[in-house]
Amino acid sequence: MSPTKILLAICLITASNLWAQSGSSLDLKWEPKLSFTAKLSPRWTYNIQMMGLQFFENTDPLEETPTLERIDFRGYLSYRFLRGAKLTGGYMYRKTNPLHLESGFEHRLSAFYSFQGYAQAWRLAHRFITEMRFRPTNNEGRLRYRFSGDIPLQGEKLDVGELYFLSADELVLSIGDDYLLLENRFSASLGWQISKIFKAEIGGEFRLRNPQTPNALHIVTNCYINL
Amino acid sequence: MFQKVIFTLLIGTTFFSGALQAQAEKREFEKSVKADKLPDSLIILVNEVFPTAKNIRYYLESDGARQSYEIKLRDEGRKLSIEFYADGQLMDVEELVSFKDLPEDLNEKIEDYFDEQFEKFILTRVQKQFRGPNTKQVLEAIKRSQTDHLKIRYEIEAVVAGEDEQLLGSYEFLFSAEGTLISTAQILKRSSDNVTY
């Protein structure tokens, strides 16, 4: 059995276990993302991102517009190995409830290892992350693994103007002082390679959580600029 | 406020990318199509020579200046890609092969080339390319594996790294049957930002 099949099986088994344990409530949110990537050299790449997360409805009587839950600013630096694997380090600053007087924040340090391969027109990618979250209330470590695949919808090569399909499944293990929480994130998106440097995606990400936390469905809209 | 910022950025980048696209004079594409989009004569010919072929796929391709047709198939365990000009003339046939299956002297010569030119390299794909003046004869010769009289070349895809960091990347190398380098071209892969970050 190949490593890809083993990792995919782990994702599916974990998702089904979480599904059996999870509660029935569901939060519906919009998650827009703007990502900019540029090469510093053939080996070094940097990426900066701005992300938001907001409810589709007003969850706070003091607000007039749908509740904005958080804004993220992220920056990453990646080193590419000969076979295409990447080692990435990054920092994120998160502002929670940014429109409230009692807003919060988080600092996050992450390290990724990612690599990819091809199965005919499918590009299959693996990503392992270890990260540390620093928050005023507590600190938390996380281990994450994501398996994703994308495929052009016309032919084997993704050309300008062409649509593509992207799907991913990610396991997130949060490690706190007195808890251990597992989450499964499954997503499916439709992408459009608008020009050589610009692509856009729209899709959904379902976050299956432990019984104490509501599950969530994020409608994701991603814009990528890659120079 | 936040929605306004996002909206402005989205609109701005869409117009920016649209302008860049409009400036591009050449539009390269490769599109999967149904068999009826290719000339009947090509479909009949391929079916006649490879009657037991499986997993047949049809493509329309353009390099921006000219259009071509491509038929990919599996025949008796061989993976073939047959490419035709728009007028139905055969461009070439490519067969996916293993590098170790190349003639020993050619194998060594190509390996020597990579050793001399690059600090590190990984051969990722090797295709044997056949050409000839008569389309049907070329296809039949490939079917019978009697290809000595055809013009043969080897297309090798490799990831290479040189002392100069700028050399790092995927390239396509075309070698003659004698192991002489004919041409090189960089392979531009899909950007991986959406699966990395």
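Throughout, protein chains are lettered first and strands after them, A, B, ... in sequence-line order, and every chain is numbered starting at 1. Here the structure is a predicted model, which means the values were calculated and not measured.
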Checklist entry - So what's closer than 4.5 Å to chain B heavy atoms on A:Y118: side chain, backbone, both or neither? => result side chain
Checklist entry - Taking all non-hydrogen atoms of both residues, which atom of A:I151 and which atom of A:W122 are closest, and how far apart? => result CD1-NE1, 3.4 Å
Checklist entry - Any ring-ring contact (aromatic ring centres under 6.0 Å, His included) pairs touching residues 178-197 of chain B, not counting sequence neighbours? => result A:Y76-B:Y197
Item to check | Residue among A:P152, A:G191, A:A200 with most heavy-atom pairs under 4.5 Å to chain B | outcome: A:P152
Checklist entry - Out of A:Q116, A:R43, A:E201, A:R123, which one racks up the most heavy-atom pairs below 4.5 Å with chain B? => result A:R123
Item to check | Pairs of heavy atoms under 4.5 Å with chain B: top-ranked of A:R83, A:Q49, A:R74 | outcome: A:R83
Next on the checklist: Surrounding CG of B:D40 (heavy atoms of other residues, nucleotides or ligands, distance under 6.0 Å), is the total greater than 12?
Outcome noted: no
Item to check | Contacting moiety of B:V33, where chain A heavy atoms sit under 4.5 Å | outcome: neither
Checklist entry - Any ion pair linking A:E140 and A:R133 (charged N to carboxylate O, less than 4.0 Å)? => result yes
Checklist entry - For B:T124, is it the side chain, the backbone, both or neither that has a heavy atom under 4.5 Å from a heavy atom of chain A? => result neither
Checklist outcome for this item: Given A:T45, A:N47, A:D150, A:T88, the one with more heavy-atom pairs under 4.5 angstrom with chain B than any other is A:N47
Next on the checklist: Using ring centroids (six-membered ring only for Trp), state whether B:F114 and B:F121 fall under 6.0 Å.
Outcome noted: yes
Next on the checklist: Suppose we call two aromatic rings close when their centres sit under 6.0 Å apart. Are A:Y145 and A:F147 close by that rule?
Outcome noted: no
Item to check | Interchain contact, A:I129 with chain B, by part (heavy-atom threshold 4.5 Å) | outcome: neither
Item to check | Residues B:R153, B:E155: salt bridge by 4.0 Å N-O rule | outcome: no
Checklist entry - Looking at B:I122, B:T196, B:N194, B:L60, which one has more heavy-atom pairs under 4.5 Å with chain A than the rest? => result B:N194
Checklist outcome for this item: Most heavy-atom pairs under 4.5 Å with chain B, out of A:R80, A:K199, A:K157, A:E156, belong to A:E156
